[in-house]
Amino acid sequence: MKSVSHDALVVLDPRARILCAAGCCMATALATQPVAVIPALCFPLIVGVIFRFPFRRLSWMAVRLNGIFILMALTTLPFVDGPAWRSVGPLTITSPGAHLMGVMILKGNALVLSCAVFLSTMESASLGHALSRLRVPTAFVQLLMSVIRYIDVLLEEHARIRLAMRARGFCPQFNVLTLRTHAVAVGALFLRSLDRAEQVADAMKCRGHHGTYAATRTLHWRTADSVWIGTALSVIMVMFWLGWSV
Amino acid sequence: MSSTVIELNKVTFGYHADRPVLQELDWVVPAGARVGIVGANATGKSTLLHICMGLRRVQSGDVVVYGQRRVTERDFREVRARMGLLFQDSDNQLFCPTVLDDVAFGPLHLGATPAAAQTAAREALKTVGLPGYEERITSRLSAGEKKCVALATNLAMQPDTLLLDEPTSFLDEPSRARLLDVLARLSVTLVMVSHDHEFMKALTTTRYCLRDGRLVTDG
Ligand SMILES: Nc1ncnc2c1ncn2[C@@H]1O[C@H](COP(=O)(O)OP(=O)(O)OP(=O)(O)O)[C@@H](O)[C@H]1O
Ligand SMILES: [Mg+2]
């Protein structure tokens, strides 16, 4: 969405962006040591800074996400066996538990960050086009693209229903009526989104679409793409080296 | 090109089995004709256009388009490449983030190169009087603007038949006049559903009324 989100990463080939994100995510998933995840955190951060990624928009999501991670960690940690590391009130955090918590939080953030920086600002049509050029199975690409489109439809319908409700004097309060109104709205949301998704599919068919995605912009692999892929590979190698050496 | 564009033989269709919308409907649209359809709300005018595009499958009867009986999705692909449908609700027609992407989508999927598709898109936008709208966000346009962009998505595909569902809704007087001018100059087979009688009179030569699931000739 070039004009929509001022995507500076648009200079890179979508395929390069997908490969960078996929590589980082895979290496992150395989990492077993907290320290090995750190390069996977730094790399997208640096790329984001270079290409002026709107980190501010991501910050609130990051806060909430880390809240969830920490909550999850705290609810599971006491059940991990092992020598005690610290005790917080009645809880005893074992050292394998602390280790796991570190890995979990770092990994979660690294995954979100690579996907956000490399993929989130990409136009969905480019994503579909690039994926099919990377020989990802068509069925998978189509499924992914419909999910992406459906999210948009849901949000749009949600905005419309909320507007219509407010126009008729609805203001949320803490009572049964509000609850019931919300229930009705959610029902309406799914029904209408389903209808609209079907109609949009009709509109796409009318314009010659039957399954494959063509992007408005052609794909050009440039030297810069190779350079960034190379950098991503080095980062992944560093991660493995750190994982082994600690 | 065969001499009839659309031929419906005893077409019956309903969204629910007990409530048919169209009943044994017969209809012939010769090539180059300019046909208008009127009818009360909910009589099935939009449904009829959707059936011609293969977006709805009839329960019985034959749908013959461009000289061939069309049944499967594959049959209708060729139809959709040549026939354009302007949806009654433009929100259902437009689905890309920017106007340019949306208008270029059709040509692109008909096999044009991205550059050619963009040129066609710009050309079509100019025709409907919206030059400079290329990078605007589709979902945030006004209703009238959306209608014009929706028409541009059709024109960019250079159809030889146009099915228009309420083309003048939401249009102000200048836009309506421009649309009239554009449509009058196009050499296409035209089928139009509208409640705008003057517009209809100016553009069509044959008029039908959809009533009780059938088309009857209307003065
Ligand atoms: N997707 C659908 N599912 C079920 N019923 C439908 C659907 N679309 C339309 N209908 C019903 O089919 C009938 C004909 O609808 P249609 O939209 O074709 O009418 P129309 O003649 O175009 O009306 P209008 O002048 O209001 O546009 C209506 O009774 C409508 O409720
Ligand atoms: Mg209608």
Side-chain angles (χ1 to χ4, degrees), chain A residues 1-7 10 14 120-130 132-133 142 145-146 148-161 163-164 192-220, chain B residues 46 49-50 52-56 73-74 76-118 120-121 133-140 150 153-154 156-157 159 163:
Chain A
M1 284 181 229
K2 199 166 141 212
S3 63
V4 183
S5 54
H6 301 287
D7 179 11
V10 83
S120 72
T121 55
M122 196 188 294
E123 192 187 317
S124 58
S126 303
L127 182 68
H129 186 46
S132 46
R133 289 284 292 274
Q142 280 187 32
M145 298 313 290
S146 9
I148 291 176
R149 200 187 68 215
Y150 199 70
I151 291 173
D152 249 11
V153 172
L154 266 173
L155 288 179
E156 254 174 55
E157 284 305 329
H158 176 67
R160 268 186 235 180
I161 290 174
L163 210 68
R192 284 171 57 165
S193 305
L194 208 67
D195 273 350
R196 235 177 81 72
E198 238 160 54
Q199 273 150 352
V200 166
D202 279 352
M204 292 174 88
K205 279 191 217 156
C206 284
R207 283 199 254 153
H209 173 92
H210 25 256
T212 51
Y213 276 84
T216 331
R217 291 157 185 103
T218 20
L219 300 182
H220 294 293
Chain B
S46 303
L49 299 189
H50 283 236
C52 297
M53 291 293 283
L55 301 175
R56 305 264 176 261
E73 186 71 15
R74 188 174 287 271
F76 278 103
R77 279 187 195 170
E78 188 203 347
V79 172
R80 292 174 195 147
R82 294 171 60 181
M83 188 181 274
L85 167 65
L86 183 74
F87 284 45
Q88 181 165 11
D89 184 352
S90 311
D91 278 325
N92 292 333
Q93 185 140 39
L94 306 174
F95 50 82
C96 295
T98 67
V99 170
L100 185 67
D101 285 339
D102 226 321
V103 183
F105 187 99
L108 208 57
H109 281 83
L110 292 186
T113 62
Q118 289 199 13
Y133 269 60
E134 287 83 357
E135 297 298 326
R136 296 279 289 271
I137 298 172
T138 328
S139 54
R140 299 197 189 141
T153 63
N154 277 311
M157 295 171 74
L163 314 180

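As a basis for the values below, the full set of heavy atoms in this structure was taken, side chains included, without hydrogen atoms, waters or symmetry mates. Naming: A, B, ... by sequence-line order, numbering from 1 per chain.
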Comparing L94(B), T113(B), T153(B) against chain A, the one with the most heavy-atom pairs below 4.5 Å turns out to be T153(B)
Most heavy-atom pairs under 4.5 Å with chain A, out of Q93(B), M53(B), H50(B), belong to Q93(B)
**OP:** Check the pair F95(B) / H209(A) against side chain to side chain contact (heavy atoms under 4.5 Å, CB included), numbers first and verdict last.
**Re:** CA-CA 12 Å; F95(B) 50 82; H209(A) 173 92; over 6 Å; no
What part of E198(A) gets within 4.5 angstrom of chain B, counting heavy atoms only: side chain, backbone, both, or neither?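 No part of E198(A) comes within 4.5 Å of chain B.
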| request: Examine whether an atom of R74(B) lies under 4.5 Å from a heavy atom of chain A, and if so say whether it belongs to the side chain, the backbone or both; otherwise answer neither. | output: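 Looking at R74(B), nothing touches chain A.
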If one checks every heavy atom of D89(B) against chain A at 4.5 Å, the contacting part turns out to be neither
(message) Please give me the minimum heavy-atom distance between V79(B) and C52(B), naming the atom from each residue.
(response)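 Heavy-atom minimum between the residues: CG1-O, 3.9 Å.
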Electrostatic pair E156(A):R192(A) at N-O distance under 4.0 angstrom |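 No, this pair does not count.
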- Query: Step by step, would you call L85(B) with D202(A) a side chain to side chain contact (heavy atoms under 4.5 Å, CB included)?
  - Reply: CA-CA 10 Å; L85(B) 167 65; D202(A) 279 352; over 6 Å; no
* Asked: Given the rule in the side chain to side chain contact (heavy atoms under 4.5 Å, CB included) test, do D91(B) and R196(A) qualify, once you have shown the distances and angles that lead to the verdict?
  -> CA-CA 9 Å; D91(B) 278 325; R196(A) 235 177 81 72; 3.7 Å; yes
